[in-house]
Amino acid sequence: MVRVSTFSTTLNAVTNTWNPQSWRNFSALQQPAWPTDGDLEQTLKILGDQPPLVFAGEARDLLDKLGAASRGEAFLLQAGDCAESFESSADSIRDRLQVILQMAVVLTYAGGMPVVKVGRIAGQFAKPRSSDTETQGNVELPSFRGHIINDIGFSESERRAQPNRLLMAYNRAAATLNLVRAFTRGGYADLNRVHQWNQEFVADSPIGEKYETLATDIERSLAFMTACGIDLNREASLNEVDFYTSHEALLLDYEEALTRKDSITGDWYDCSAHMLWIGERTRQLDGAHIEFLRGVKNPLGCKVGPTATVDDVVGICEALNPDKIEGRVTLITRMGAESIREKLPPLLAAVKETGHPVLWVSDPMHGNTYTAPDGHKTRHFDAIVDEIAGFFESHQKAGTIAGGIHLELTGDAVTECVGGGDGLGDSDLAQAYETMCDPRLNGRQALDVAFRVAEIISQR
Ligand code: TRP
Ligand code: MN
């Protein structure tokens with residue numbers, strides 16, 4: 001027996017009064033079939049009593065920084081796992097952070113402007129799926145929907161949706177965020193360590209050498225400033241980074257339970273992460289995801305794929321950002337390298353016409369996925385770089401701002417995407433294919449992408 005939390009309705013998101021539960025009157029796609037016994041209600045009550053993971057003031061700081069990125073005064077680097085695992089080790093979390101810091105250094109240096117660092121981290125546990133079930137042989141089971149819902153193993157017990165996973169997700173997110181805060185505030189992110197972030201598997205490669213050269217330049221600049229009498233150890237701006245969390249706000253039961261009223265402003269914030277985004281599959285204007293997110297004041301993202309129309313995109317801006325606040329809406333385009341130069345320009349022109357302040361970001365991963373001959377889902381490095389190039393070209397022509405990139409990556413030495421400096425091919429995929437969902441860039445490929453973007457932004 002299952003309870004499916006999907007309602008059909010004729011309510012309109014914009015005229016309806018919002019509250020943290022109002023999404024329940026709308027159609028919510030991609031929600032799991034929870035067991036019918038009382039566990040879910042009980043769990044949500046416990047979750048509702050937990051402390052917030054992030055604070056409203058932090059979300060407001062991020063809003064300002066994203067606003068700067070939308071004006072071309074900063075650049076957004078949003079990156080992390082496709083689907084985080086409850087099992088990922090402290091080392092794996094540190095290595096992911098380290099790659100992001102390295103990329104941020106490369107981009108800051110090239111662009112000569114601040115890089116806003118946002119992880120797909122500490123909450124990226126829920127995945128939308130194209131089918132409710134998966135069939136292997138003659139066994140049909142519910143699809144894996146992320147560790148916040150069920151487990152990846154193909155057995156009935158592992159695939160059952162378990163409400164107590166919501167609490168495990170909260171605890172995991174809290175522990176991950178604690179580590180992230182420790183690493184970014186406790187000296188690990190200190191620019192004086194710019195060389196040390198170059199892990200072994202990156203250092204002994206051409207891309208690692210390229211990074212070494214840049215790190216040496218930075219070291220020289222720091223030495224110069226010290227020689228001039230500036231005490232670098234007292235400069236928090238050099239020793240720490242502001243690192244923000246984000247995830248797809250897919251599982252609305254969880255997001256609702258972590259939504260709190262800010263005591264200073266009286267506004268609602270979804271305190272599960274600083275920034276939340278709506279996926280390509282759940283961005284219906286009359287759907288529950290738009291309804292829920294329009295009422296929280298966090299900065300919001302929305303994925304935009306090749307089927308998105310001008311009306312869809314303008315509708316999203318109007319629903320989520322009627323007051324046209326800078327930094328409030330980030331549109332993350334994922335068109336595919338082959339369609340971006342055709343599909344993006346009309347959207348840029350239409351949004352520009354409305355005067356909506358949008359931060360445009362490229363997700364060059366999701367439109368470029370294909371299945372290799374051996375059955376692994378993969379993405380080619382060249383297609384990823386080509387989509388980014390098409391993104392910048394489109395903005396250049398439209399007179400709009402290309403404000404950031406959104407990537408799926410890991411610091412682990414995986415073989416999930418093909419191409420890049422090591423020339424990974426389809427036949428190498430099986431060596432270290434570890435993702436629970438989509439193929440991620442490994443550390444070297446990610447750093448390589450950062451250098452490609454650096455080339456483009458240093459010429460602007
Ligand atoms: N705080 C600055 C920033 O976040 C400089 C900085 C310190 C930095 N450590 C860093 C930049 C690591 C990139 C990576 O931009
Ligand atoms: Mn993905």
With a 4.5 Å heavy-atom cut-off, do Glu353 and Val310 have their side chains touching? no
- Query: Does the ring center of Phe183 lie less than 6.0 Å from the ring center of Phe243?
  - Reply: no
_Is the shortest side-chain heavy-atom distance between Thr245 and Leu177 below 4.5 Å?_
yes
Between Thr309 and Asp312, does any side-chain donor sit less than 3.5 Å from a side-chain acceptor?
-> yes
Just by distance, with hydrogens left out, do Arg96 and Thr410 show a side-chain donor and acceptor under 3.5 Å apart?
-> no
Are the side chain of Asn368 and the backbone of Gly336 linked by a donor-acceptor contact shorter than 3.5 Å?
no
Note to self: Counting C-beta onward and ignoring hydrogens, is there a side-chain heavy-atom pair between His147 and Glu87 closer than 4.5 Å?
What the structure shows: yes
Check: Leu66 and Met275 side chains under 4.5 Å, non-hydrogen atoms: yes
Within a strict 4.5 Å, meaning less than it, do heavy atoms of the Leu258 and Pro52 side chains meet? no
Within the 3.5 Å criterion, strictly below it, is a donor on Tyr188 or Gln98 matched to an acceptor on the partner's side chain? yes
Do Gln124 and His247 have a side chain donor and acceptor closer than 3.5 Å? no
> Do Trp277 and Thr330 have side-chain heavy atoms sitting under 4.5 Å apart?
Replying inline: no
Original post:
Under 3.5 Å, is there a donor-acceptor pair between the Asp438 and His366 side chains?
Top reply: yes
| query | Between Asp426 and Tyr370, do the side chains contain an N or O donor and an N or O acceptor separated by less than 3.5 Å? | reply | yes
Of Arg334, Arg379, Arg440, the one forming a salt bridge (Lys or Arg N to Asp or Glu O under 4.0 Å) with Glu408 is Arg379
Please examine the side chains of Phe292 and Thr259, heavy atoms only from C-beta on, and report whether any two atoms are closer than 4.5 Å. yes
What one should report as the nearest heavy-atom pair of Ala104 and Lys117 is CB-CE, 3.7 Å
Check against side chain to side chain donor-acceptor pair (under 3.5 Å), Glu255 and Ser272: CA-CA 7 Å; Glu255 304 303 336; Ser272 70; 2.7 Å; yes
Notebook entry, point to check: Do Val453 and Ile388 have side chains that get closer than 4.5 Å, going by heavy atoms?
Noted result: yes
Discussion item. Testing the 3.5 Å rule here: is there a donor-acceptor pair between the side chains of Glu291 and Ser22?
Written reply: yes
Would Lys261 count as a cation-pi partner of Tyr269, with NZ or CZ less than 6.0 Å from the six-membered ring centre and within 45° of the ring normal? no
Next on the checklist: Can you see whether Gln162 engages Arg165 through a side-chain donor-acceptor pair at a distance of less than 3.5 angstrom?
Outcome noted: yes
